[in-house]
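Structure first, then comments.
Everything numeric here is computed off the predicted structure, so don't read it as measured data. Throughout, numbering of the chain's residues begins at 1 and tracks the sequence.
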Amino acid sequence: MASMEEDFPRGGTEKKNTESKNVKARDVDNLFENLKIGTLMLGCVKEVSDFEAVVGFSSGLVGYLPIFNICDSYTSILKDNLDSEDSLKEVVPLPQLLTPGMLIRCVVSSLDSIKEGHTSLKVSINPKGVNKVLSSGSLKPGMTLSGCVESVEDHGFLVDIGISGTKAFLPKQSTSSKKDLNVGQYMTILIEEVKNDGRVVRLSQDPQALGKACAETQQGWTLDTLLPGLLIRAHIKRVTPHGLIVTYLSSFTGMVDFLHLDEDKASTYNTGDEVLARVLYVEPSTRHVGLSLRRHLLPPGGAVLDDVSSERVSEVVQGCKMSALHHHSGALMKMPDGTTAFVHVSTKPVLTQMYYTHGTVTDLQKHGAYVRITNHIKGLIPKIHLADVVLKNPEKLFTSGLKVKCRVLSVDAQQKKLCLTRKKALVESTLPLFLSYADTRVGRVSHGFIVCVKDFGCIVRFYEDVKGLVPKAELSTEYVANPEELFFVGQVVQAKVLDCDEEKKMLLFILTFQIKVRRKVLDGLEVSIVPEEVPAFIPTVHLSDHVTNCLPLWMVLEEGDTISNIMCLSKTKKKGITLTKKPLLKACLEDDGIPKNFSELQVGMQMFGWVKNIMPYGVFVDFPYELFGLAPKAAMGDQFITDTSTVFDIGQTVVAKVTNLDEKKSRFLVSLRVSELSLSEEGSQARLIQGLKERKAIFEMMTCRGMSVDQLSEATVLICVNVSGVNVSPGCKLTAVILHVDLSKSEVHVSLLPELTAATRKKLEKDSKLTATIQYTDKDFAVVSLGDTGHLTIIPTRTHLNDILNSKKFLVGSCLNVTVEEPSSEELGGLPLVECQKQDATRGTQKREQRKSKSTDLGEVMTVTVKKVKPMDVVVMLPSGTAGSIHVSQIEESPVVGSFPTSSLKVGSKVEARVIGGHTVHGHKFLPISHPYFKVSLPELTLLPRYLEQGVITMAKVRKIVPHMGLFLQLPFGNSGLASVMDLSDEFTDNPLEPYKLGQLVRCYVIGEENENFNVSLRPSRYIIKHHFKIRLNLVVDQHVNLSLLSNDTGKPDLLPESLELPLRLTEEQKQERDKKKNGQMIKKKKEGPVKGKSTEKKKTIKKTKKTEDNDSGVEVFFREEEVMPLTPLSRQPMKKSRKELKQAQQNAEQQLSKLEAELMDTSVRPDSTAAFERLLLSSPDSSLLWLQYMAFHLQATQIEQARAVGERALKTISFREEQEKLNVWVAMLNLENMYGTQESLQKVFERAIQYCEPLHVYQQLAEIYAKSDKIKEAENLYKSMVKRFKQEKAVYLSYGNFLLRQHQSDAANALLQRALQSLSNKEHVDLIAKFARLEFQYGNAERAKSMFDKVLSTYPKRTDLWSVFIDLMVKHGSQKEVRELFDRVIHLSVSVKKIKFFFKRYLEYEKKNGTPETIQAVKQKALEYVESKGAEAAS
């Protein structure tokens, strides 16, 4: 409970006992000051835990309601359960008694001081404390009180209202909910009846009655008995700047503070107006009453609040405007989104050194520049903090109104002084900040600035008053005679803490190095590392990641300038120290995992580098630590490259992937293809911002040196060039807008287009999509105009570092589709931040995902997709996009004789498989001439379970031979087993272990498992089963495994009959004898006659090779003996048939022929063969039904490709005039690809279908296919595209709405209806709303459907067709009472008599079916009354 307590907000500890004698002096709610024990308040439950509830009050107060402050009956139950564990009364948890958002009447029970300046507020809802001011005689009907359930009775509840001598009873039929109430349940009730002078009262919880119940004068309310939560009618007595003073109950006075005025009516309150108010709190001692006019506390609300918490707590909001100021309490602020917020007077703005701030320069003095942070906060930037270097002419850079970005250096709250810095090294520093002496620890490094240079060293200051000494000996590694020659006041340095004493506030530092330009050369900058003056070199191409920024940076840097954010790239004896300022390379160097020599390189590693040299056969890429690799011409990009000199620039930052290592020559190849890389795929916007920051720094440095580039407002035309849409002539002055300033060529690129030079610009909205036109482009950035808005912005020309610049795409005048990310970006200097829409984003993403991870681990279980089914294996696609194979023996444990195990898998289905190894095949990625030894490893998988059980026959390897004990074997899946000496052979031998050697492969039979070890048997009788052999190879096999069934090998009688004379069973001598006897046998056979039946057998030696790196290869070999047909006896003479037998045979043949002809003529018989289908298609080539049956015939036999071929034939064969028949075939093709194909194949068929058929029908059919196959996401995306493409088609909205309602997305369906009403014409609105309402009845919210029908019928009451539909739906989905009410409405319509007669007839039929004789008679009476009324009208 203590952990949940919050500090009492803003001055709650100061309690004032002075009573207010003059109401006029208190125009503001000062509940903070007047809070006392016994104060009655209306609160709202914010949070509920097991032992207490958090309650919120007006003015931001927060209190706590303990569990023992509910009521006496609930507290007694708690005590009984604590005293006795066998208590019969069950304790109802506090969250079931109170719910967040519930309004409750409370009384302050305690105000405990928990720490200095803070108080803990605890309240109670016990009726004896809240209603203690009432008595039995003061109770009147119509009063609203608070109470808690005291006990549960048979017909209702006894309620504790806190008044002694009064029994309050709440009948069950008067409760607001049908559920039973619990003891301790809090409720607000209405007194319906008072008996026996208040000793017995009857209560009600009717919400409508409670909402209308107002406190009246007749009820005898006084200031002593007034309770919070009462609804009263008041009259405004006076309007003050801080609220209202009102009178109520004839003579009482109350106050409404400005926080509790209705926002919509705040400016319309006048003296004498009558208002409805809710009592917020009552202070008994001062009799001060606070009221509220807030809408959420008044009817029809006032019982439960919807929003009790906000996710915006602790959010920092910029750009708030003060809307009202109240000096005694605080101010009202208007946030940018329109939300009104209150700032209390005790809330003070806090600025710390960790905050960046933006301000506007208001004045420039000799000692610095004054900056306005807000309307009430101003700060000073000292002269030494205006820039990294001391400015000689700061007035050239700082002008009034200039917006600057600063960082807070120090805050003096007492003197109200704010000191800021604009030094770039301090503002952009990422090092830890020294905000106090406690932050300084030995070894920590931070940025500071020199405030004093003396002979004994330099004093460096950090934030606030933290400062320390850098001794003379620690200023450099070499001796420094005069520190004033090397250092100056205001210089930013990096200091490392050597020693610190927090109590004495003494610090000692050592300086780290800085870079100072010594001389400029053609290819870079010669610099020195100060203060040691160590020489180093920065190549020009290493000044930036952007090629176009390198030369301008080199041009503006001069001798003596200090360069920050530098890192050492390499250090050699020949070249010395080479530095770099490329941000990407610096981040790479900070990573410890970067290779530092050739031995640390690995194939597949990705690194940042830069282009060193460009050759016709490729480019050389340089990397940190003097490593360089070659990117061949074929590996420079994903597209074909003809000229290598136009792809990359010297010094361009790239990402490279190591593809090949030549360890002998210490050379390696890299690839620059974007499709093979994962580094730096995103972040183009970050690189854009970094590049623009560099250009901004260039212009600032030029301005500091007097090389100002003034804003171009007018241009004089010297040479007339054809400019579309602008009339120009030499000498005329025109308004132009600057596109780009090229410092290297001293050129300014401008645009004269009227839409860009116009003063007014349209407002941009976030996430809006526009068409951008390129106005200027270079190798890194492009300046574009955003449609007709008049806005210019900058976009990167490369989304990836290695992208090849598409010159056609970024030609001046070409258009791009962009999305506005930020209408005004601070990083871009107020320009919009946009993102180009990628055309092939999906394809590129798929390629990258396929290449992310192609490695698989042995034994890994994964979900694979069947891509192709073959008789002997199945080709599957792994999640990484790699193809794999499942052998036929790895599909079923015990396949049925004669079946094909591969047929059980369907193309497109997903199965769980386990990796058991792999085999190498020749790849086709490269030509055999260039890569003769290029091979690809394909994973081998299995669907068989990974376990061993009793009865399984498997292969094993002999691991250990123990005399007198047996063999220890290595079994599959990492298991081990023991074969006892008694289980090695079926016959007794003197030395049973002699035939076995270590590492030998044996076949064994699993007997059982004991203590995680398997007992196996090597007896042949165990694993040789008659007529059926099952062998699993689970170990690494390096040679062919010969499986034999010969009697010489098995020791058993031959399983196959010798009469088959199989050639593989004969020895060499037997084969020769067979050949000699062959001629004689042939002669004998000719004499004896032909043999009627003879069976041959397949070969009996099966060779199976399986190589894998895993011990679990999972290969199974099955052999089954074919059924041997019995030999029929040889007939020596043909038998002669009688005349009767010949005639009977002729009749049978004729009958069979007639039967065949009848089957061919019967169109109802479905063909069962390919020939039958082809025969029918000759007669009906345009019948889509026949073609679909043909496709289904192939699919039943899992012949997917044949079914696709039949579909393609159908599309070519059916006449182009038969549009519906062709559409049926297209739908079948879509279904086929959805079930058995891939997403790519389905997309291709869909694109073809919309070209040949009506696109709307194809879209609808594919959406229904997605919905039926439970592809909800795909269906929803397709429907969204349909709404954009066919926004004028009503059928699209109906089908989409049907889909959404089936998915129980009623809110989305309602939003879709509103969008449809905006897109469709008015004449279609009624029908559309009616159909949506019908769908709501079937799948959505019936109440919403009723309201939709009511709204339409109220506008069109004479649409009897809609009335009829409404009645049908209500009969099906509504109650009898609602149906009868609807019929009563219909029969009173002012329509023709004929239509009313129709509805009377339906009314009577409904009552005859569902009603009683009385209701039937009532309908007849209504009909009679209607006829009489019509007759009277006709007579008059």
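Side-chain polar atoms of Gln205 and Thr175 form no donor-acceptor pair below 3.5 angstrom. Counting only N and O atoms by type, the side chains of Thr166 and Ser136 include a donor and acceptor under 3.5 Å apart. Judged by distance alone, the side chains of Thr271 and Lys237 never bring a donor and an acceptor atom under 3.5 Å apart.
Among Leu145, Leu203, Leu210, Asp206, the single residue meeting the side-chain contact (heavy atoms from CB on, under 4.5 Å) criterion with Leu190 is Leu210.
Annotation: salt bridge (Lys or Arg N to Asp or Glu O under 4.0 Å) contacts of Glu153 (sequence neighbours excluded): none. For Lys763, the side chain to side chain contact (heavy atoms under 4.5 Å, CB included) criterion is met by no residue, not counting sequence neighbours.
Across all non-hydrogen atoms, the minimal contact from Glu52 to Pro66 is CB-CA, 4.2 Å. Nearest heavy-atom pair across Cys148 and Ile70 is SG-O, 3.8 Å. Summarising the geometry of Leu98 relative to Val48, their closest heavy-atom pair is O-CG2, 3.7 Å, with the distance given to 0.1 Å. The two residues Asn131 and Ser146 make their nearest non-hydrogen contact at ND2-O, 3.0 Å.
The local environment of CD in Gln1314 is crowded, with over 12 non-hydrogen atoms from other residues, nucleotides or ligands closer than 6.0 Å. Residue Lys172 places its NZ atom among more than 12 non-hydrogen atoms of other residues, nucleotides or ligands, all under 6.0 Å distant.
Applying the salt bridge (Lys or Arg N to Asp or Glu O under 4.0 Å) rule to pairs touching residues 127-147 yields Asp72-Lys128, Lys128-Asp160, sequence neighbours excluded.
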**OP:** Show the numbers, then the answer: is there a ring pair (Phe, Tyr, Trp, His ring centres under 6.0 Å) between Phe169 and His155?
**Re:** CA-CA 10 Å; Phe169 182 73; His155 301 287; 8.2 Å; no
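Ion pairing of Arg233 with Glu216 is present here, as a side-chain N (NZ or NE/NH1/NH2) and a carboxylate O approach within less than 4.0 Å.
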